[in-house]
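We name chains A, B, ... by the order of the sequence lines, and we start the count at 1 in each one.
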4 protein chains.
Amino acid sequence: MTTTVTEHRRPLRADARRNHERILEGARAVFAEYGLEAQIDDVARRAGVGVGTVYRHFPTKEALLGELVRRKLRVFAENAREALAREGEPFGVFADLLRRNAEVCVADAAIQHALMAFGQHISMHAQVELEELNKPTAELMARAQRAGAMRPDVTVDDISMLMCGVSATMTQTGPGFDWHRHLEFVIDMLRR
Amino acid sequence: MTTTVTEHRRPLRADARRNHERILEGARAVFAEYGLEAQIDDVARRAGVGVGTVYRHFPTKEALLGELVRRKLRVFAENAREALAREGEPFGVFADLLRRNAEVCVADAAIQHALMAFGQHISMHAQVELEELNKPTAELMARAQRAGAMRPDVTVDDISMLMCGVSATMTQTGPGFDWHRHLEFVIDMLRR
Amino acid sequence: MTTTVTEHRRPLRADARRNHERILEGARAVFAEYGLEAQIDDVARRAGVGVGTVYRHFPTKEALLGELVRRKLRVFAENAREALAREGEPFGVFADLLRRNAEVCVADAAIQHALMAFGQHISMHAQVELEELNKPTAELMARAQRAGAMRPDVTVDDISMLMCGVSATMTQTGPGFDWHRHLEFVIDMLRR
Amino acid sequence: MTTTVTEHRRPLRADARRNHERILEGARAVFAEYGLEAQIDDVARRAGVGVGTVYRHFPTKEALLGELVRRKLRVFAENAREALAREGEPFGVFADLLRRNAEVCVADAAIQHALMAFGQHISMHAQVELEELNKPTAELMARAQRAGAMRPDVTVDDISMLMCGVSATMTQTGPGFDWHRHLEFVIDMLRR
DNA sequence: AATGAATGAGGTTTCATTCAT
DNA sequence: AATGAATGAAACCTCATTCAT
């Protein structure tokens, strides 16, 4: 098995790096459009490369999905760090972070499906990214809790768990289902 | 297209009825064990019948899943009607119903996956069962709301939506994920 | 293997005989409509009996087809015997027989397909009927040949062969294909 | 839908072209040996490739059969063009063409079956090839007719039709069936 | 004798992954 | 490093035939 590019063993050639991006973006697009059953061939076509190239960059379909998930988690983390740098009423800042990340999620709900389908495996494949997300999040929560604006018994893991629930609503189109509403229920519940 | 048994055109022969049950039970078991990608052949083997028999009863994999889902919804509805007949503090009765139904869910979380995977389609295939569930549930909620123990703006559809979130936690095994905890958060949300 | 009804081992009960007819007629109809890939279930449904009943009467799909073919050959033979009894110019009488039998054929061209698909097997399954057909046909041909109106080198087998060709045109819908025209060519071939 | 090779979108890679040939040849062989019910797996095995490869080249069994038929028609056409270039008594040249093409046919009579089974569809899938065949054939016939050696009322379409009849004899093994004899009847009939 | 449910070998097709070019 | 053709293990589904009722 060859060294995967994502492990950054050595700096990539410029064109390889460009392909890497195009594949990831293509994957995001086709999974968003056709769901997880989209085929690697579709990803390749969308990315404008051959299947072989996809496999050179990601040894397996699961690995590709995994990277998409990790990317998303990195965006979440980035947003969290930004929130941390922001001035303002702590609970409001935190609530806005949840709203913002939810918007990121909904952009391609299929990745959400991936997150679910992966189930237990995800924590293994995104350990690092999860921690990078949890660190600033925990700090934001601590601030809000110290200010007496957030339930003191809620933990970062609870947030992941509850937000997974909100994501589930995104992929579901039940009668009267509305993830914005779901999210506001969650935020309300966290308050005080 | 052949008449599917589920349409109850005519009373089934004794052996057919028995097989129908065995198939459904077998399906529940293999989906619980191997997830949704379990194959019809596996279902057949587990049920102790030939593949053809499975296809005679359920023309397609989706139809089989659909029936499993409907069955589950019927159990939910049954529990709701029982709760309605029960004496006691309205909110507590309702909360217990949620807890009880959640336990039913977790028995075979894979069906939950099906519920998710179905997404938008489910409401079409389980219209009737959903209504049978919603009727008593709405009545229970109205009681709790009249007693001032439940948020007055919550609707039955909200309950479905929030419980789907809880189900998502069942299928996910994140760090610190605990659906009991998720459920209690939800119950808290609904209070007053 | 059970005794097939077609072998007339013992007189059939009235209802069995009726079913036998209905099955044969149903088979003729569905094979004519859907071609040879029509299923035994279709035959049974059309005949208004269960599959099991079809199998009681005909041990196999091929046997059913075989009987249909034999029936057709019996009609041909019947027509040939009638022609033999008729007065008139020998070649004309013979040509009319061919035209008449061709009309019988076209009624359900699918049986023709069966005749073709069977290929080499048919002569084994319809030996008797073929002879019953060939006897009067040979006599008719001899008359025409004695009268100097038909090529003297043509044999009964040639007629079967040439008429199979005409049948092929019936099942084929090529551009400009017209079995009436094909048949008249054949009749011309035979003349003097 | 993937681009089928037969559409000649771009020059095939050397190995793909080789496989294309091998598949076609394998198909010809197994259909000749086992008839039309030969399976794609058999074709693949005979060609020494995987099933997937067969499906990459021909999206469906019918497509594969179709190409075989078209190939055969191209050989017929090629022979017709050669005959056109030949010196000699026009009717004799034409008769020899029929004999030659009949020999091509008999090489793998199963394709003939395909031709029949296709029935009405064939003209749609082989329009071009049919015209390529009909053009020189019509010219050869015109010559013979102008020379007063061929019946003036026969058309190219009649030839197709009559030759289909001869082909039927090839696939049938009735008692006394002999396609050479059938063909000579046809040729005789066309004379003058 | 009739019924139709059950059977399961067999058929077509898909698609993640490998490998020759 | 890139390409896309090749692979073949599955997956789904059909249907001639058997067998319990």
Rounded distance (Å) that lies between atom [atom2] of [N] and atom [atom1] of [X]:
| X | N | atom1 | atom2 | value |
| --- | --- | --- | --- | --- |
| A:R17 | F:dA2 | CZ | P | 13 Å |
| A:D42 | E:dT14 | CG | P | 13 Å |
| A:H20 | F:dA1 | NE2 | P | 14 Å |
| A:D15 | F:dT3 | CG | C1' | 14 Å |
| A:I23 | E:dA16 | CD1 | P | 15 Å |
| A:R22 | F:dA2 | CZ | P | 11 Å |
| D:R56 | F:dG4 | CZ | P | 10 Å |
| C:R45 | E:dA2 | CZ | P | 19 Å |

Name all residues meeting the side chain to side chain donor-acceptor pair (under 3.5 Å) criterion together with A:R18; count only those two or more places apart in sequence or in a different chain, and write none if there are none.
->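 Partners of A:R18 by the side chain to side chain donor-acceptor pair (under 3.5 Å) criterion come out as none, since no residue qualifies.
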Note, [X] side chain near [Y] side chain (heavy atom, < 4.5 Å):
| X | Y | value |
| --- | --- | --- |
| D:I40 | D:F58 | no |
| C:L65 | C:L36 | yes |
| B:V54 | B:D41 | no |

5'-to-3' dot-bracket of DNA chain E (Watson-Crick, G-U; under 3.5 angstrom; crossing pairs as [ ]; | other strand) | .||||||||||||||||||||
May I ask you to evaluate whether A:H57 reaches the phosphate of F:dA1, defined as a side-chain N or O under 4.0 Å from OP1 or OP2?
->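 Result: no.
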Before accepting this row, confirm whether a basic side-chain N of the pair C:K61/C:E37 lies closer than 4.0 Å to the acidic partner's carboxylate O.
->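 The answer is no: the pair does not qualify as a salt bridge.
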Given side chain to side chain contact (heavy atoms under 4.5 Å, CB included), test B:L64 with B:T60 step by step and report yes or no.
-> CA-CA 7 Å; B:L64 177 52; B:T60 191; over 6 Å; no
Pairs under 3.5 Å (N/O, protein and nucleotides 15-17 of chain F):
residue	atom	partner	partner atom	Å
F:dC15	OP2	C:Q39	OE1	2.7
F:dA16	OP1	C:K61	NZ	3.2
F:dA16	OP2	C:I40	N	3.2
F:dT17	OP1	C:T60	OG1	3.1
F:dT17	OP2	C:Y55	OH	3.3
F:dT17	OP2	C:T60	OG1	3.3
F:dT17	OP2	C:K61	N	3.1

Counterpart residues, salt bridge (charged side-chain N to carboxylate O under 4.0 Å, His left out), relative to [X] (two or more places apart):
| X | answer |
| --- | --- |
| D:R45 | D:D42 |
| C:R74 | C:E67, C:E129 |
| B:R28 | B:E25, B:D108 |

5'-most by nearest nucleotide on DNA chain E - C:G48 or B:T53 |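 Checking each residue's closest nucleotide, the 5'-ward one belongs to C:G48.
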Which nucleotide in the set E:dG4, E:dT7, F:dA6 lies at the smallest distance from any side-chain heavy atom of D:N19?
->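 The answer is F:dA6, which lies nearest to the side chain.
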